[in-house]
K.L.:
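Before I ask anything, here is the structure I am working with.
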There are 2 protein chains.
Amino acid sequence: MNQLSDTAAFSPLYKEVKRRLTGSIAAGEWRPGEALPSETRLAQGFNVSIGTLRKAIDELVAERIVVRHQGRGTFVATHSANRLLFHFFHIVPRGGDKQYPDTATLAFRRGRAEPAEAAKLQLAPGDPVLRVRNLLSLGGRPVILDDLVLPQRLFQDLSEKILTARDNTIYHLYQTRYGINVLRTSERLSATLADAQTAKLLGLKKGAPLLEIKRIAYTYHSAPVELRRSLVDTTGHEYFSDIGK
Amino acid sequence: MNQLSDTAAFSPLYKEVKRRLTGSIAAGEWRPGEALPSETRLAQGFNVSIGTLRKAIDELVAERIVVRHQGRGTFVATHSANRLLFHFFHIVPRGGDKQYPDTATLAFRRGRAEPAEAAKLQLAPGDPVLRVRNLLSLGGRPVILDDLVLPQRLFQDLSEKILTARDNTIYHLYQTRYGINVLRTSERLSATLADAQTAKLLGLKKGAPLLEIKRIAYTYHSAPVELRRSLVDTTGHEYFSDIGK
DNA sequence: AAGTGGTCTAGACCACCAT
DNA sequence: TGGTGGTCTAGACCACTTA
């Protein structure tokens, strides 16, 4: 008796449940780190069986939108330092263990979106954006130069002070202060040569080989929220990527 | 009444079913492209409920070991050209669509595993290996130089003739001729500069920036089957990586 | 029409966590 | 001890493919 959804397009019941749950999370009904109601209660609330409710949550778990803890409950995923380190940060020492980067903000400016940037961020050309330049160090040595472009609209009151005062990752700041949860990234990598300015910042000679990473970060419903270009000195570090399983 | 597995270690019933299915597939009981028995029959065979059987297959699908087709059956996954293109081949034209590479084999030699290679391939140093050098072209221009190291033991009769006579991807050859199904890869990327020989092969100047990719390819049970080093001219192409969702 | 996978249900029991 | 998620069952019906 629940098979008929009120929308015109057909879709399985558990997809509809998943959509409503995602909507509630995106709307902030349960904040990151908070527990959802128990499966029994949610199933009753949606008027579906526990099996159907669980199938919906299975997919949210697979997409890392929520996390289950047996005996405790189901929680909205957060950007803990560990999650960043193991999920969105791909630079590791050659033959060593992962380590946390130290970030120094070199520049913070307001500007307007170039046409190419606007297209990637789904903005109109000329829309206001924030431009941030960070220098990341690993093991005390500068390794990564990051240039970020953020839609001003999504980060209303973000200032250099707020940015540098954070005591956690930048994605954690997006999440806690602006309710923006980065879930997915798309990256394009290539090799390039250091120009004079970049070489100086990274302590290299002009013309040294650098790994260039262009990233688009997305939140719920594949909405883009950040553009990032990284230049990496791969003398002592590498980018890793595991595909499958 | 099925809860008790005959092994000492506890594990859910569906994991045991999954393990047996993986074992049968790895043993060649059903070849790639062939259909498994229907879910009803499998459930009866394992003496479990259809739900439990489906949960086991769900995980095999997630790991791309099998593929389901509604109304037709469940099939052991194959390395179709499309699967390679969309799953294991990450070089795309800047701002263009994916295309298939043309491969030319430049060298085929027998040798012995260096210590570092042996460790990555889980061999003993000095074990016999095959060394293959391929030049891959996209849009008629050479873009990628590949150097492969393969354990001789896994590719008994592989010769330059067999390698170059293939009419499909190299992973398809592994699968059809040697029963080796590449499921997962682990890659490390860095930037480097072209030496004289590489520059000549790729039509570049010595010292041009190149993307270096070191890959280990794995089959069932995370057994390594191939070592690969790629040098990519990223003038007109990029490496892409999508994380999440 | 027959057979396959896909969805959904209702309920039992187990493993784990907090108290 | 009570509540949570995790596993397992048995069966009904739907959607899709093939003959």
Side-chain angles (χ1 to χ4, degrees), chain A residues 1-21 24-25 30 33-78, chain B residues 1-21 24-25 30 33-78:
Chain A
M1 53 186 89
N2 270 303
Q3 275 76 344
L4 299 177
S5 119
D6 40 325
T7 63
F10 169 81
S11 93
L13 188 48
Y14 76 91
K15 291 277 187 191
E16 175 67 20
V17 172
K18 178 188 170 193
R19 203 173 307 118
R20 291 204 216 172
L21 285 170
S24 293
I25 292 170
W30 310 294
E34 284 184 10
L36 272 58
S38 78
E39 298 186 340
T40 322
R41 223 162 316 190
L42 282 173
Q44 286 170 351
F46 287 120
N47 201 16
V48 301
S49 79
I50 189 85
T52 301
L53 188 275
R54 277 183 64 81
K55 187 151 186 183
I57 294 192
D58 282 346
E59 295 209 346
L60 296 181
V61 169
E63 294 172 25
R64 297 188 196 76
I65 291 175
V66 302
V67 178
R68 283 205 262 233
H69 292 291
Q70 187 175 11
R72 296 207 288 133
T74 303
F75 302 80
V76 180
T78 63
Chain B
M1 53 185 89
N2 270 301
Q3 275 76 341
L4 300 177
S5 118
D6 40 325
T7 63
F10 169 82
S11 93
L13 188 48
Y14 77 91
K15 290 278 188 189
E16 175 67 22
V17 171
K18 177 189 169 191
R19 203 174 307 118
R20 291 203 215 170
L21 285 170
S24 293
I25 292 169
W30 310 293
E34 284 182 12
L36 272 59
S38 78
E39 298 185 342
T40 322
R41 222 162 316 189
L42 283 172
Q44 285 170 353
F46 287 120
N47 201 16
V48 300
S49 79
I50 188 85
T52 301
L53 187 277
R54 277 184 64 79
K55 187 150 186 182
I57 294 193
D58 282 345
E59 296 208 347
L60 296 180
V61 169
E63 294 173 25
R64 298 188 195 75
I65 291 176
V66 303
V67 179
R68 285 204 262 232
H69 292 292
Q70 187 175 11
R72 295 209 287 134
T74 303
F75 301 81
V76 181
T78 63

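In what follows, every chain begins at residue 1, and chains take the letters A, B, ... in the order their sequences are listed. Source: prediction; values computed, not measured.
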K.L.:
So do A:F75 and A:V66 actually touch side chain to side chain, heavy atoms under 4.5 Å?
P.N.:
no
K.L.:
Could you work out which one of C:dT9, D:dT7, C:dG5 sits closest to the side chain of B:E39?
P.N.:
C:dG5
K.L.:
Could you tell me if the side chain of A:T74 sits less than 4.5 Å from the side chain of A:V67, heavy atoms only?
P.N.:
no
K.L.:
How many Å lie between OH on B:Y14 and P on C:dA15, as a whole number?
P.N.:
14 Å
K.L.:
Expressed as a whole number of angstroms, how long is the span from A:I50:CD1 to D:dT9:P?
P.N.:
18 Å
K.L.:
Is the shortest heavy-atom distance from the side chain of A:I57 to the side chain of A:L21 under 4.5 Å?
P.N.:
yes
K.L.:
Kindly say if B:S49 contacts the phosphate of D:dA10, meaning a side-chain N or O under 4.0 Å from OP1 or OP2.
P.N.:
no
K.L.:
Measure from NZ on B:K18 to C1' on D:dC8 and round the result to the nearest Å.
P.N.:
18 Å
K.L.:
Below 4.0 angstrom, N of the basic side chain to O of the carboxylate: do B:E16 and B:R20 qualify?
P.N.:
yes
K.L.:
Between A:G71 and A:L53, which has a closest nucleotide on DNA chain C that is more 5'?
P.N.:
A:L53
K.L.:
Nearest-Å distance, NE2 (A:H69) to C1' (C:dA15)?
P.N.:
16 Å
K.L.:
The side chain of B:V48 lies closest to which of these nucleotides: D:dG11, D:dT9, C:dG11?
P.N.:
D:dT9
K.L.:
Rounded off to whole Å, could you give me the CG-to-C1' distance for the B:L13 and C:dA15 pair?
P.N.:
16 Å
K.L.:
Between B:R54 and C:dG6, is there a contact of a side-chain N or O with OP1 or OP2 at under 4.0 Å?
P.N.:
yes
K.L.:
Side chain of A:R41: nearest nucleotide among D:dT4, C:dG5, C:dT9?
P.N.:
D:dT4
K.L.:
If you assign B:R72 and B:K15 each to the DNA chain D nucleotide with the nearest heavy atom, which residue ends up on the more 5' nucleotide?
P.N.:
B:K15
K.L.:
Of all the nucleotides listed (C:dT7, C:dG5, D:dC8), which has the minimum atom distance to the side chain of A:K55?
P.N.:
C:dT7
K.L.:
Rounding to an integer number of Å, can you tell me how far B:F46 CZ sits from D:dC8 C1'?
P.N.:
16 Å
K.L.:
Looking at B:T40, does any N or O in its side chain come under 4.0 Å of the phosphate oxygens OP1/OP2 on C:dT4?
P.N.:
no
K.L.:
If you only use heavy atoms from C-beta on, which nucleotide in D:dT18, D:dT4, C:dC8 is closest to the side chain of A:S38?
P.N.:
D:dT4
K.L.:
Checking contacts here: which listed nucleotide (D:dC8, C:dG6, D:dG6) is nearest the side-chain heavy atoms of B:R68?
P.N.:
C:dG6
K.L.:
The side chain of A:Q70 is closest to which nucleotide in this list: D:dT9, C:dC8, D:dG5?
P.N.:
D:dG5
K.L.:
Just how far, in rounded Å, is P of D:dT9 from CD of B:Q44?
P.N.:
13 Å
K.L.:
In the structure I gave you, are the side-chain heavy atoms of B:K18 and B:K55 within less than 4.5 Å of one another anywhere?
P.N.:
no
